[in-house]
Structure formats: structure tokens, C-alpha cells
Amino acid sequence: MIRIDGSTQKYCLIGDPVKHSLSPIIMNKLFYEHGFNSIYFVCRVVKNRLREGVAGLCALDIKGFNVTIPHKVDILRYLDSVSEDVLKIGAVNTVLNTGDQLIGYNTDWIGVANTFKQFGFNRFGKCVLLGAGGAARAVLFALEEICEEVIIFNRTFARAFDLASKYGDSRCRVTAKKWKKNIIREEMLDSDLLINATSIGMDGVSTPIPKEFITGNQVVFDLVYSPLNTPLLSNACEKGAFVIDGLWMLIHQAAAAFNIWTGVYPETSLIREYLEGMMKWRDTA
Ligand code: NDP
């Protein structure tokens, strides 16, 4: 049981929509397991009410909060300072309220980096990255350290181009290409990593690329975590690729946020087991 009393510290997630977020399950479990008198809940804050939302959180003495769609970029306006990685990524997903300052961090890229570390991957040759939204920005920041080359494909080419141009002076070669099936197929042939950072697959039926584009030698990482086994991952599995689902990134980014708020780095394998159990229970309830 979570104890709630006059000294309970409050944390939350702001965004829209937030109803299906798994963060309260993860964070409340972590607070409980580590003996903190703290709670975590979600607050729906619509796009044009972010300023009031942030003022409200400060007035209520919320100690920290996560930020999701559509506020990850706009939140920057209301922060006193940000970590160095945020300057390049341009998006914040975790805020610490020190009492007189709001400090912004990005733990999404840590979620990606620690997921690869966990599976023992520390170097890739060529990566095909699908998507150029908020998540893709964080992914690319993590990939810069471990890939020789990244090809970004995005439905709206200008977004892919803008993202790639931020990495013009990087050791990792980053190129934007048009979202055309024949070009994606060609780039996939000699790539050893495919990352889906689009929202395609969330409906449980769509896949961003056909099964035949996947070679059995690739690592395929889908950021989508609901459903856990997306059509892309199930195709990749059938082709013999090494598959990684989005839940790992979610867990690792949450662990890093928990560390920013509490100074404790939690054990992630225990969170996964608990979360999968809760997801099964939620789906059948
Ligand atoms: P954004 O809204 O910022 O970006 C969405 C991306 O998906 C854009 O690149 C968009 O392209 C692309 N896209 C959407 N629909 C289509 C389509 N029909 N065809 C082609 N491209 C499409 O969202 P985020 O970047 O924040 O999130 C992307 C995904 O990553 C979501 O599924 C989200 O749940 C997941 N995610 C997972 C996390 C984790 O911890 N596992 C963390 C954060 C996100 P365009 O630019 O053309 O619109």
C-alpha cells in the first residue's frame, strides 16, 4: 500500500493524452520499493494551457514531472535551465523542481542508450531510422555515439532534413532521405540496425516497412510499446532478426528520471517483470 499523508511528495506526468500512460505504474512501484513517501499521477494538460499547467504544478509544490506529447518542445519556454543534452535534442521529458528553479532533462536518449547496453550492443555500422519527431530526436542523440552512419526517413521530408542538419559536424554520418519504399529497401540491404520511431504500429496492424525489407542479420528496435509485439517486431522475429520492444526504452528512461528526482538508480529488470504483469492484468480487466 502507498502511504499518503501530509508530507507525501508529489510527482506527475503532463501531456495530452495521458490516460493510457504506464508511467504511474512504474513510478509508484519504484517509490514504494525504495521506501519513498511519494506519489506519481497523471495530469491532462491540453496544448494551449501549458503555461497555466506549469504555474499550477509549481503552486502545488510538485517536486518533479515528466512531459509527453504535445509539450516536449514547448516546455522549454517555462524552464529556468536545462541539461546540455537538451540543447542539442531540443526536447525535455523530465523536470526537477528544486523549489526556486525548474530544471529540464531528457532521459529518452538515456532510455535508448541503456537499452542497447543492456543487450550488449555497443557499436553499429549503418542504422535506418524511421521518423523525425520528438522520440527520433532523442534516438539520434544516442545513436551518434554508437553508429558510423544513420539514414533518416520521414513522411515529412523537411523534418528529417532539419534533424539531419543538426548533425553536420558529427563523427557519425547522418543523412535524410525521402520516404520512398524503393529507397528504404535499398538502404536496408546493408544496414545492421532498424529503429522505428514513428507511431506506425500502435494500431496493432500497420507496419512501417514490409517484411521482405528485413534481413535476418539486423537488430530491429520498435519504440512503440503498446502493443508490445508490433507487426514490425513479429515480422522481424520471423525473419530471424534480433528484436527489441519499446518497453525497454520506457523503463530505462523512467529509471533515469527516478534517479534525477531521488538520487537512486533502480534495478530495471524487476520493473519489467512487474510492468508486464500489470499490463496483462489491465488488458484483461
Ligand atoms: P511525434 O508525434 O513527435 O512524431 C511522430 C512520428 O511518426 C513523425 O515522424 C511522423 O511523421 C511519423 N508518422 C506518424 N504517422 C505516420 C504515418 N502514417 N506514416 C508515416 N509516418 C508517420 O511522436 P514521438 O516522436 O514522440 O513518438 C513516436 C513514437 O514513439 C510513438 O509511437 C510513441 O509512443 C513512441 N515513443 C516511445 C517511447 C518509449 O519509451 N518506448 C518514448 C517516446 C515515444 P511526420 O513528421 O511526417 O508527421
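Here, residue 1 is the first one in the sequence, and each next residue gets the next number. Atoms within a ligand are numbered from 1 in the order they appear, just like the ligands themselves.
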Is [X] close to ligand 1, meaning an N/O of one under 3.5 Å from an N/O of the other?
X      : answer
Leu250 : yes
Gly246 : yes
Ala136 : no
Arg155 : yes
Lys72  : no
Gly134 : yes
Leu223 : yes
Trp179 : no
Asp108 : no

Margin query: Determine whether the aromatic ring centres of residues Phe124 and Phe121 are separated by less than 6.0 angstrom.
Written below: yes

Check: Looking at Leu76, Asp108, Leu102, which one forms a side-chain contact (heavy atoms from CB on, under 4.5 Å) with Val92?
Finding: Leu76

Next item on the list: Apply the test salt bridge (charged side-chain N to carboxylate O under 4.0 Å, His left out) to residues Arg77 and Asp74: give CA-CA distance (whole Å), side-chain angles for both, the deciding distance (0.1 Å), then the verdict.
Entry: CA-CA 6 Å; Arg77 272 186 245 158; Asp74 292 347; 3.5 Å; yes

Margin query: A cation-pi test, strictly: NZ or CZ of Lys29 under 6.0 Å from the centre of the six-membered ring of Tyr274 and no more than 45 degrees from its axis. Yes or no?
Written below: yes

May I ask you to list the atoms of ligand 1 that are less than 4.0 angstrom from any heavy atom of [X]?
X      : result
Ile69  : 23 (O), 26 (O)
Arg159 : 8 (C), 45 (P), 46 (O), 48 (O)
Val224 : 32 (O)
Gly133 : 3 (O), 4 (O), 9 (O), 25 (O)
Gly131 : 9 (O)
Met202 : 32 (O)
Ile200 : 16 (C), 17 (C), 19 (N), 20 (C), 21 (N)

For [atom], which candidate among [options] holds the nearest heavy atom?
atom                    : options                        : answer
atom 44 (C) of ligand 1 : Ser199, Pro70, Ala135, Gly15   : Ala135
atom 10 (C) of ligand 1 : Thr230, Thr115, Asn154, Asp222 : Asn154
atom 42 (C) of ligand 1 : Gln253, His20, His252, Met249  : Met249

Looking at [Y] and [X], is any side-chain nitrogen of the basic one under 4.0 Å from a carboxylate oxygen of the acidic one?
X      : Y      : value
Arg123 : Asp192 : no
Glu148 : Arg173 : no
Lys47  : Asp16  : no

Under 3.5 Å, is there a donor-acceptor pair linking the side chains of [X] and [Y]?
X      : Y      : value
Ser206 : Asp203 : yes
Thr268 : Gln118 : no
Thr68  : Asn66  : no
Asn37  : Gln9   : no
Asp85  : Ser83  : yes
Thr230 : Asp222 : yes

With backbone taken as N, CA, C and O and side chain as the heavy atoms from C-beta onward, which portion of [X] lies under 4.0 Å from ligand 1: side chain, backbone, both, or neither?
X      : answer
Ser206 : neither
Thr68  : neither
Ala132 : backbone

Item checked: Per-atom contact, atom 33 (C) of ligand 1, protein heavy atoms, under 4.0 angstrom -> no

For [atom], find the nearest protein heavy atom and state the residue, atom name and distance (0.1 Å precision).
atom                    : answer
atom 29 (C) of ligand 1 : Thr198 O, 3.4 Å
atom 47 (O) of ligand 1 : Thr156 OG1, 2.5 Å
atom 28 (C) of ligand 1 : Ala197 O, 3.4 Å

Next item on the list: Identify the heavy atoms of Met249 and Val112 that sit nearest to each other, and give their distance.
Entry: SD-CG2, 3.6 Å

Check: Would Val67 end up clustered with Leu79 when hydrophobic side chains under 4.5 Å apart are linked, directly or stepwise?
Finding: yes

